[in-house]
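Notes for the one structure printed next.
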Amino acid sequence: MAHYNFSDIEAKWQKRWESDQLFKTEVDHTKEKFYLLEMFPYPSGKLHMGHVRNYSIGDVAARFKKMKGYNVLHPMGWDSFGLPAENAAIKNGIHPNIWTWENIAEMRSQLKLLGISYDWDREIATCHPDYYKWMQWIFIKFFENGLAYKKKNPVNWCSSCQTVLANEQVVDGSCERCGTGVGKKDLDQWYLKITDYADRLLGDLDKLDGWPDKVKLMQKNWIGKSIGAEVGFKFEGLDKTLNVFTTRPDTLFGATYMVMAPEHPDVRGLISGTPYEAAVDSFLSKLQSMSEIERSSTTLEKEGAFLGRYALNPITGKQIPVYIANYVLMDYGTGAIMAVPAHDQRDFDFAKKYNLEIIPVIKPLDSCIDINDLKEAFNSDGILINSGSFDGMSSSEAKTRIIAFLAESKSGQESINFRLRDWLISRQRYWGCPIPMIYCDECGWVPEKEENLPVLLPTDVVFTGKGESPLTTSKTFMHTPCPKCGKQGTRETDTMDTFLDSSWYFLRYVDPHNEKEFFSQEKAKYWMAVDQYIGGVEHAILHLLYSRFFTKVLYDLDLCPVDEPFKKLLTQGMVLKDGSKMSKSKGNVVSPEEIIERFGVDTARLFILFASPPEKELEWSDAGVEGSYRFLNRVYRIVSELNTQTIDVSGPILINNEDEKQLNFVLNTTLKKVTEDVGERFNFNTAISSIMELVNELYRYREVENLNLPLVKDVLKKLVLILSPFVPHISEELWHLTGHEGYLYNQSWPEYNADALVKDYIEIVVQVNGKVKEKLNVPSGLSRTEFEDLILSHDTVNALLIGKEILKVIPVPDKLLNIVIK
RNA sequence: GCCGAAGUGGCGGAACUGGCAGACGCACACGACUCAAAAUCGUGCGGUUAUCCAUGCGGGUUCGAGUCCCGCCUUCGGCACCA
C-alpha cells in the first residue's frame, strides 16, 4: 500500500495551489468578507517557530472561514525598515538595501514551504519606495493638520555611539549596541500628537469586545488618565504663579511645601542672584552627573534643595516653602506639585528627611489609625479634618467643592492628565522612511510637494555608526529648493521610527498596487476593518496603540472608513523549549526547516496547533512532534485502506445497527465540536483531539463484519474536509485519492446532523450525598419526574438506600440524580 | 510598590452556563505480529484499594465546587517617583 510520502505530497500541492492562483482574492459584493491578518514579520532572514505558530493559527482561521463561505483576505508582507539592516551594513559592509531584499527572498521561500493560504499578489514591503511614498504622504497629512511638530526635548543619548536611541533600544539603562550608560541630550525632534487622541484611544477600548481584557488593560494603564485639578499658588512677593496638578484637591489644606522639577524653566529666575543659588546649583550638578536610570529609580533617596522662596495657599493664604527635588518629573502635569506629606508616601519620605511639617487633613472612616502620629502616609479617601469649612466632608465631595471654590477665585479648575506622551518619531538612522520635510530660512518647515514623492533614500551614504543620521553624508540629498518660495532649503536628514510603517500597512493590503492613492476608499470600505488580527502579546501596547491612533486620524480626515482597525485580536503565546524562550545564546533553538524536512510541514503545523491553546505558551517537544507525525500516518493509512472498498460505492446512507449508529454519532459530535472550537473559540487543540477520537472510532469500527460502506465513505469525506484547515497538504492528497474534484479550499464546510447526536439511551450517574455510587443506562429525554421515578425504582439504587431516610432528591435529566440521605 | 493572569497525573493539556476530574496526546509497562528489531495493532496507566483520598494552601456558599465567594502562598506578565 502507498505510504505517507509527505515531501512529495507537500511539494506537489503547493505548486498546484500557486499555479492555479487558488488564494487570489478580489472584492466580491455578493459575499460577506473576512479580513484575516497576522502581524507581518521583520525580514531577519530566518523563519523561527514563533512565525510558524503565528501563521499556522492564521491559516486555520482563514481556510475555515473560506470554507464557511466568506470572501477571505489573507495577505502577507514585510516590516522591512529597521536597525538590524543598518547594523549589518556597519559590521559586514553590505548595503542595507541588498541585505534586506536578500533576506526577504530567503524568508519568502521558507514561508511558502508552510503552505499558508496567502494572496501573494498583495505582498508589500515597507522599505519599497511604492510603500514609503504613501508613508510620507500620510506624514504630510499629519503635518498639515497640526499633528506633527518639531520641538527640542531631552532624548536618550549614547555618548559612545554618538547617537539617539529609541526607548526600546535602551536595555536596563544601557545602549543595546555598546553597553554604555545612556544619558539625556536636548535635540530637535519630530513628534506626533498622539496625546490629542488619548481620551478617544482610552474610551474606544470599550468598543473592542473581541480584544483580550489583558491587552485593553495594558493600553489603559499606558494611556494613564488621571482626573484632578490644576491649582495656582502665587509666589510671595513676586508677580508669578506656580501651577501644580493634583489628583487630590481634597488634601489642599495639608500642603506644607511645594516641589518643582529640577528642569522646571522658572527655577533659574527664582534663585538667580539670591543666597540660595549656590546650594541649588550644587544639587543640580549632582543630578546631572547621574544616569537617567539612576535618577528614575524608585529606590533612589528623595533629595532636594530649598529655593528660598515661598508660595501662598490659594484658599488659606498660608506661606509654603518651595523646593526642587529629584522625584518630581518635568514632563508630567505642570512639572511641579503641592506636597501633602500626610497623604502621599513620597512627600512623606521627603518631609521626614528635611523635617518639614506634616499636617493630616483626611481621617480614615474607621479610625484605627492614629492620624496625628503617622508612620507612613495615609493615602486613601476619608473624611476631611483641619480643613476649615470643608471639615466633615467626604473626600469625593470635598474634591468637587474645593475645585468649585478655586474656580470662583480663579486660582484653579478641574484638569485631566495623561501619562501618554507625544510620540517621538525622529531617528538618526539611514534604513527608515525619510521624513519628507524641508527647512527654509524664510518659510520654516515645509513639506515636500506631493508630485515629488517619494523622497528617496539616497544611496551615496557612509555608515559609520557614529554621529548624525547617515543621510547627512550624502552629497545629493540635503540641498533642495524650498517647495514654497523656491530658495535654497535643507532636507530633514532624520528618518521615521519604523513603528509608523507598521501603523497602517493593513490599509495598504486592501489595494497594494495603487499608484494614485494610498488605497482606494471603495476597496477599504469593503475590506476594513480587519476581522481577526493575530500576533504576539509583545505588541500589546506600542504597535497596537499606534495603529489605532493612525486609523483614528485617517478616519477624522475622511481617508479611512473605520475608526478602529482590528475587530478581534488574538495574542498568541511564545514557543518555549525547556521552559524558556528559544534563543541562540541558550542554544535551545529548534529550526523549522529541519522539522519540516524530517516530518513535513503538516506535522509541524499539527503539533503546534495541538500541543497548546493558541494564546498560551507552547512547550516544544520532539516526542510530541513524533506523535503528531504518527497520527497523520494513521489517518493516511486508514483512509487509503478503507478507500479501496468505498471508492466505487454510491447510494443512500442507512443506519442499521448500534455500531453504525455509534460511528455516525462520533462523526457528528466531532463535526459540531470542530466547528465550534475553530469558529467561535479558537480552541484548535481540542478540535484536533476530537478529530483524533473520530479516527480512533474509525479504527474500532473497521473491525466489525459487513462494513456499511456508504457510511464509511461519508465519514472519510468529512474527516478530510475538517482536517484540511490544520493539515492542508495531506488532506488535499486524500481528497483526490478518495475520488473528489477541485480544491478543498473551495469546498463547503460540512454541517453536523443534529438527529445523529440524539441517543436513545444515556449513561447517567446516581449520587448519594454528592458522591458517585452507581451508573445506569436510561432512556434519554425523560421529564424530571419520569427520570426520578425510573431511577428510584431501580434495584441497585434501592439497595443503596436501605435503612436510610431520604431527605431530598435532585434529578438532572440525562445527566445525574443526587439523593440526600441521613 | 501598583495593576493583571495563572496554579489540575511523570509531562503537554481537557472538563462550554456549578453536575462522573484527568478527554486527546506524550512518556512508561505489558500483550499480539516477528527468528529478532523497528513499524503497526491491542490492553493498562493519579494515590490507595471492602473503601476512601485527590485540581497550590486554609475557610465559606451549595444537594453538589477544578469552576462561585473570602483570606493566604507561589509563579509569570505589564507599569514603575505619573503627583
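As the structure is a computational prediction, the values presented were derived from the model and not from experiment. Numbered from 1 within each chain, the chains take letters A, B, ... in sequence-line order.
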Would you measure the distance from the P atom in rC53(B) across to the matching atom in rG59(B) and give it in whole Å? 15 Å
Contacts under 3.5 angstrom, residues 253-260 of chain A side chains, donor-acceptor by atom type, not counting sequence neighbours:
{"unit_1": "Thr256(A)", "atom_1": "OG1", "unit_2": "Glu357(A)", "atom_2": "O", "d": "2.8"}
{"unit_1": "Tyr257(A)", "atom_1": "OH", "unit_2": "Tyr327(A)", "atom_2": "OH", "d": "3.1"}
{"unit_1": "Tyr257(A)", "atom_1": "OH", "unit_2": "Asp347(A)", "atom_2": "O", "d": "3.0"}

Under 3.5 Å, is there a donor-acceptor pair between the Asp422(A) and Thr195(A) side chains? yes
What's the spacing between Gln572(A) CD and Ile608(A) CD1 if we round to 0.5 Å? 9.5 Å
Among pairs that include at least one residue of residues 619-631 of chain A, which meet side chain to side chain donor-acceptor pair (under 3.5 Å), considering only residues two or more places apart or in two chains? Trp620(A)-Asp622(A)
Mark yes or no for a side-chain to base donor-acceptor pair under 3.5 Å between Lys220(A) and rC3(B), with no hydrogen or angle criteria applied. no
With nearest nucleotides of RNA chain B determined for Ile810(A) and Asn633(A) from heavy-atom distances, which residue corresponds to the more 5′ nucleotide? Asn633(A)
Contiguous pairing runs of three or more, Watson-Crick or G-U under 3.5 Å, that involve RNA chain B: B:1-7 with B:73-79, B:10-12 with B:24-26, B:28-32 with B:40-44, B:56-60 with B:68-72
Pairs where residues 248-267 of chain A contributes a residue and the test salt bridge (charged side-chain N to carboxylate O under 4.0 Å, His left out) is met, not counting sequence neighbours: Lys240(A)-Asp266(A), Arg248(A)-Asp250(A), Arg248(A)-Asp381(A), Glu263(A)-Arg295(A)
Please list, chain by chain and in numerical order, all residues satisfying side chain to side chain donor-acceptor pair (under 3.5 Å) with Thr686(A), sequence neighbours excluded. Asp677(A)
Qualifying salt bridge (charged side-chain N to carboxylate O under 4.0 Å, His left out) pairs, either residue in residues 537-547 of chain A, two or more places apart: none
Which comes earlier along RNA chain B counting from the 5' end, the contact point of Lys214(A) or that of Lys808(A), where each point is its nearest nucleotide? Lys808(A)
Side-chain polar contacts of residues 763-773 of chain A - donor-acceptor pairs under 3.5 angstrom, sequence neighbours left out - could you list them?
{"unit_1": "Asn769(A)", "atom_1": "OD1", "unit_2": "Ile821(A)", "atom_2": "N", "d": "3.0"}

Calculate the interatomic distance between Asn818(A) atom CG and rG19(B) atom P; express it in whole Å. 13 Å
Which nucleotide, rG42(B), rG13(B), rA80(B), lies nearest any side-chain atom of Arg419(A)? rA80(B)
Glu617(A) CD to rC11(B) P, straight-line distance once rounded to whole Å: 17 Å
side-chain contact (heavy atoms from CB on, under 4.5 Å) partners of His539(A), counting only residues at least two apart: Met39(A), His543(A)
Polar-atom pairs under 3.5 Å, protein N or O versus N or O of nucleotides 20-26 of chain B: list them with distances, or write none.
{"unit_1": "rC20(B)", "atom_1": "O2", "unit_2": "Lys775(A)", "atom_2": "NZ", "d": "2.5"}
{"unit_1": "rA23(B)", "atom_1": "O2'", "unit_2": "Glu693(A)", "atom_2": "OE1", "d": "3.3"}
{"unit_1": "rA23(B)", "atom_1": "O2'", "unit_2": "Glu693(A)", "atom_2": "OE2", "d": "3.4"}
{"unit_1": "rG25(B)", "atom_1": "OP1", "unit_2": "Asn696(A)", "atom_2": "ND2", "d": "3.2"}
{"unit_1": "rC26(B)", "atom_1": "OP1", "unit_2": "Arg630(A)", "atom_2": "NE", "d": "3.3"}
{"unit_1": "rC26(B)", "atom_1": "OP1", "unit_2": "Arg630(A)", "atom_2": "NH2", "d": "2.9"}

So the salt bridge (charged side-chain N to carboxylate O under 4.0 Å, His left out) pairs with at least one residue in residues 693-702 of chain A (sequence neighbours excluded) are Glu641(A)-Arg702(A), Glu697(A)-Arg700(A)
What's Val328(A) touching, base or sugar-phosphate or nothing? Going by heavy atoms closer than 4.0 Å. base
So Tyr699(A), base contact, sugar-phosphate only, or nothing? Heavy-atom distance under 4.0 Å. sugar-phosphate
Residues which pass side-chain contact (heavy atoms from CB on, under 4.5 Å) with Asn153(A), listed by chain and number, not counting sequence neighbours: Lys151(A), Tyr191(A)
Expected label for rG46(B) (glycosidic angle, syn inside 90° of 0, else anti) would be anti
How close or far is atom C1' of rC63(B) from atom CZ of Arg784(A), stated in whole angstroms? 12 Å
Check the interface with nucleotides 48-55 of chain B: list each N/O to N/O pair with the protein under 3.5 Å, or write none.
none

